[in-house]
Undergrad: 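Submitted below is the structure of interest, expressed as structure tokens.
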Amino acid sequence: MNKTLFYIFASIYLIAILYLAWSTPISPHEAKIFYSEDDIVNFLMHSGYDLLGGFFGLRLFFIIIGFISILLYFQMSRVYMSKKSDVYLSTAIYMLLPGIITALVLANISIVVIPLVLLYILAYSREWFWPQALLMFFIFLIHDASVIFFVAILLYALIHKKITLTLLSGFFLSLFIWIDRGVEIGGRPSGHFADMFGLYAALFSPLVFIYFFYTMYRILLREDKNILWYISFVALLASLILSVRQRIIVTDFAPYVIISVVLMLDTFNKSLRIRLPEYQKWYRVGFYIVISVLMITSLTTIFHKALFSLMKNPKKHFAARIYEPYWLSSRLKKQNIECYDAPNIRIANQLYFYGIKQCQK
């Protein structure tokens with residue numbers, strides 16, 4: 001991908017993201033955080049809402065942080081790739097991932113964590129100790145599930161004999177144990193393993209995730225393992241192991257997994273470019289198929305609202321839980337009804353955002 005094509009793509013992408021953030025109703029997860037949580041996501045949501053109001057105000061700071069993460073991803077790609085065209089392509093693929101599109105549009109912790117992890121990788125690549133320590137502190141502070149990140153850093157430091165990094169990551173892991181924070185572990189074997197694969201397939205798009213999984217495995221067996229691989233592989237492995245016994249919150253692991261798309265493209269380029277042109281055909285065909293599926297998945301995410309009119313049963317739409325309370329509130333307001341007894345707290349929170357209170361106190 002050349003520079004001109006990338007900037008055309010980025011411009012269209014910006015318009016699409018801004019439109020989605022402005023037009024998509026508040027999600028159940030956003031409503032829960034907005035009214036019930038007391039964390040950095042809640043603070044950013046209220047700050048943006050106080051400034052602009054509406055759906056766009058809720059997501060204002062997450063959009064800004066999300067586009068900063070894209071710039072940081074571009075810079076990180078330059079660390080792992082020498083050709084500028086590969087950097088542009090890697091960044092474009094990252095931007096097209098359905099998980100990134102969703103994270104940019106809906107307020108969530110992932111889009112806050114991702115730029116901090118990317119900044120950490122950049123600081124590590126430049127051997128800046130104090131920025132690394134400061135970024136570790138911020139990641140520790142805002143994300144309870146960052147214990148996975150510190151386990152990965154500790155493993156990398158121990159295997160590569162990085163004494164200072166071992167002490168630093170070990171210190172933060174000790175803090176997790178001392179204050180009893182981290183990923184909740186419990187339950188019994190209950191069949192969420194396949195669900196976790198489905199979630200990752202939705203975040204990456206199915207074929208991209210299959211190749212991503214292959215890349216992680218191939219690097220494990222045959223190639224040099226850098227710090228980025230350790231972060232993503234440990235998070236991916238931990239989420240899959242834990243999913244055997246319990247339902248996994250995908251935002252606990254996704255920020256650390258999704259950033260390694262650059263390794264996937266780098267592995268593909270190595271396989272492609274060592275072959276003579278006449279033997280590259282099927283690699284290129286496979287690449288175009290994977291990117292085509294990614295494009296279709298991404299376009300489905302962007303134009304999801306249009307799918308309601310094409311479905312016989314709109315309740316089966318993947319975004320039905322977002323839109324149904326919004327449409328319900330519109331009908332109630334037309335009938336001058338100011339209260340409604342919602343069947344659960346999820347819908348009650350969404351309706352309350354639209355000005356419809358519970359009738360029963």
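All values derive from a computational prediction rather than experimental measurement.
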Undergrad: Is the shortest side-chain heavy-atom distance between Phe55 and Tyr326 below 4.5 Å?
TA: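 They are in side-chain contact.
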
Undergrad: Would Tyr354 end up clustered with Tyr35 when hydrophobic side chains under 4.5 Å apart are linked, directly or stepwise?
TA: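 Linked within one cluster.
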
Undergrad: Mark yes or no for whether Asn108, through its side chain, and Ala103, through its backbone, hold a donor-acceptor pair below 3.5 Å.
TA: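 Looks like yes, one N/O pair under 3.5 Å.
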
Undergrad: Is a side-chain donor or acceptor of Tyr256 paired with a backbone partner of Leu236 at a separation under 3.5 angstrom?
TA: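 Flag not set: sc Tyr256 to bb Leu236 has no pair under 3.5 Å.
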
Undergrad: So, His143 versus Phe138, ring centres under 6.0 angstrom or not?
TA: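 No; Phe138 has its ring centre 6.0 Å or more from that of His143.
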
Undergrad: Under a 3.5 Å distance rule, please check whether Trp229 uses its side chain to pair with a backbone N or O of Met216 as donor and acceptor.
TA: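 Yes; judged by distance alone, with no hydrogens or angles, the pair exists.
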
Undergrad: Below 4.5 Å, heavy atoms only, C-beta onward: do Met136 and Leu141 meet side chain to side chain?
TA: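 Of all side-chain heavy-atom pairs linking Leu141 with Met136, none is under 4.5 Å.
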
Undergrad: Check for a donor-acceptor pair, side chain of Glu30 on one end and backbone N or O of Ile26 on the other, with a separation under 3.5 Å.
TA: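 No: the side chain of Glu30 does not pair with the backbone of Ile26.
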
Undergrad: Using a 3.5 Å distance criterion without hydrogens, assess whether the side chain of Glu223 forms a donor-acceptor pair with backbone atoms of Arg218.
TA: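 Looks like no, no N/O pair under 3.5 Å.
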
Undergrad: Side-chain contact test, heavy atoms from C-beta onward, threshold under 4.5 Å: evaluate it for Leu154 versus Val151 and give yes or no.
TA: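 SC-SC contact between Leu154 and Val151 ruled out.
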
Undergrad: If you take all heavy atoms of Leu58 and Phe353, which pair is closest and at what distance?
TA: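 So the two residues come closest at CD1-CZ, 3.7 Å.
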
Undergrad: Between Tyr124 and Tyr156, does any side-chain donor sit less than 3.5 Å from a side-chain acceptor?
TA: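 Yes.
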
Undergrad: Can you find a pair of side-chain heavy atoms, one from Leu135 and one from Val117, that are under 4.5 Å apart?
TA: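 Of all side-chain heavy-atom pairs linking Val117 with Leu135, none is under 4.5 Å.
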
Undergrad: I'd like to know whether OH of Tyr352 has more than 12 heavy-atom contacts from other residues, nucleotides or ligands below 6.0 angstrom.
TA: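 Open: at most 12 neighbouring heavy atoms sit under 6.0 Å from OH of Tyr352.
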
Undergrad: Ring centres of Phe34 and His29 under 6.0 Å apart?
TA: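 No: the rings miss the under 6.0 Å criterion.
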
Undergrad: Is the side chain of Ser90 donor-acceptor paired with the backbone N or O of Val87 at a distance under 3.5 Å, no angle test?
TA: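 Judged by distance alone, no pair lies under 3.5 Å.
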
Undergrad: Between the side chain of Ser169 and the main-chain N/O of Thr166, is any donor-acceptor distance below 3.5 Å?
TA: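 Such a contact is found between Ser169 side chain and Thr166 backbone.
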
Undergrad: Please report whether the ring centroid of Phe149 lies less than 6.0 Å from that of Phe172.
TA: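 For Phe172 and Phe149, the ring centres are not under 6.0 Å apart.
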
Undergrad: According to disulfide (SG to SG under 2.5 Å), does anything in residues 254-344 pair up with another residue at least two apart or in another chain? List the pairs.
TA: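 Those involving residues 254-344 are Cys339-Cys359.
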
Undergrad: Using modelled atom types and a 3.5 Å cut-off, is there a donor and acceptor pairing between side-chain atoms of Asp50 and backbone atoms of Gly53?
TA: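 Such a contact is absent between Asp50 side chain and Gly53 backbone.
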
Undergrad: Please work out whether the ring planes of His304 and Phe318 are parallel, tilted or perpendicular, with thresholds of 30° and 60°.
TA: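 The rings of His304 and Phe318 sit tilted, inter-plane angle from 30° to 60°.
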
Undergrad: Taking all heavy atoms of Ile148 and all of Phe253, pick out the closest pair and write down the distance.
TA: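 Result for this residue pair: CG1-CE2, 3.7 Å.
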
Undergrad: My understanding is that only one of Phe209, Phe212, Phe213 makes a ring-ring contact (aromatic ring centres under 6.0 Å, His included) with Tyr200; could you say which?
TA: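 Going through Phe209, Phe212, Phe213 one by one, the ring-ring contact (aromatic ring centres under 6.0 Å, His included) with Tyr200 is satisfied by Phe209 alone.
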
Undergrad: Which heavy atom in Pro25 sits nearest to a heavy atom in Ile322, and how many Å separate them?
TA: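 Of all heavy-atom pairs spanning Pro25 and Ile322, the closest is O-CG2, 3.3 Å.
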
Undergrad: Counting the benzene-type ring for Trp, do Tyr230 and His160 have ring centres under 6.0 Å apart?
TA: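 That pair passes the under 6.0 Å test.
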
Undergrad: Aromatic contact between Tyr217 and Phe233, with the criterion being ring centroids under 6.0 Å apart: yes or no?
TA: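 No, they do not, as the ring centres are separated by 6.0 Å or more.
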
Undergrad: In the structure I gave you, are the side-chain heavy atoms of Phe140 and Val147 within less than 4.5 Å of one another anywhere?
TA: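 A side-chain contact is absent here, since even the closest heavy-atom pair is not under 4.5 Å.
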
Undergrad: Is it true that a side-chain atom of Asn42 and a backbone atom of Glu37 form a donor plus acceptor pair closer than 3.5 Å?
TA: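 Flag set: sc Asn42 to bb Glu37 pair under 3.5 Å.
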
Undergrad: Determine the minimum heavy-atom distance between Leu332 and Ile356, stating which atoms define it.
TA: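 Result for this residue pair: CD1-CG2, 3.9 Å.
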
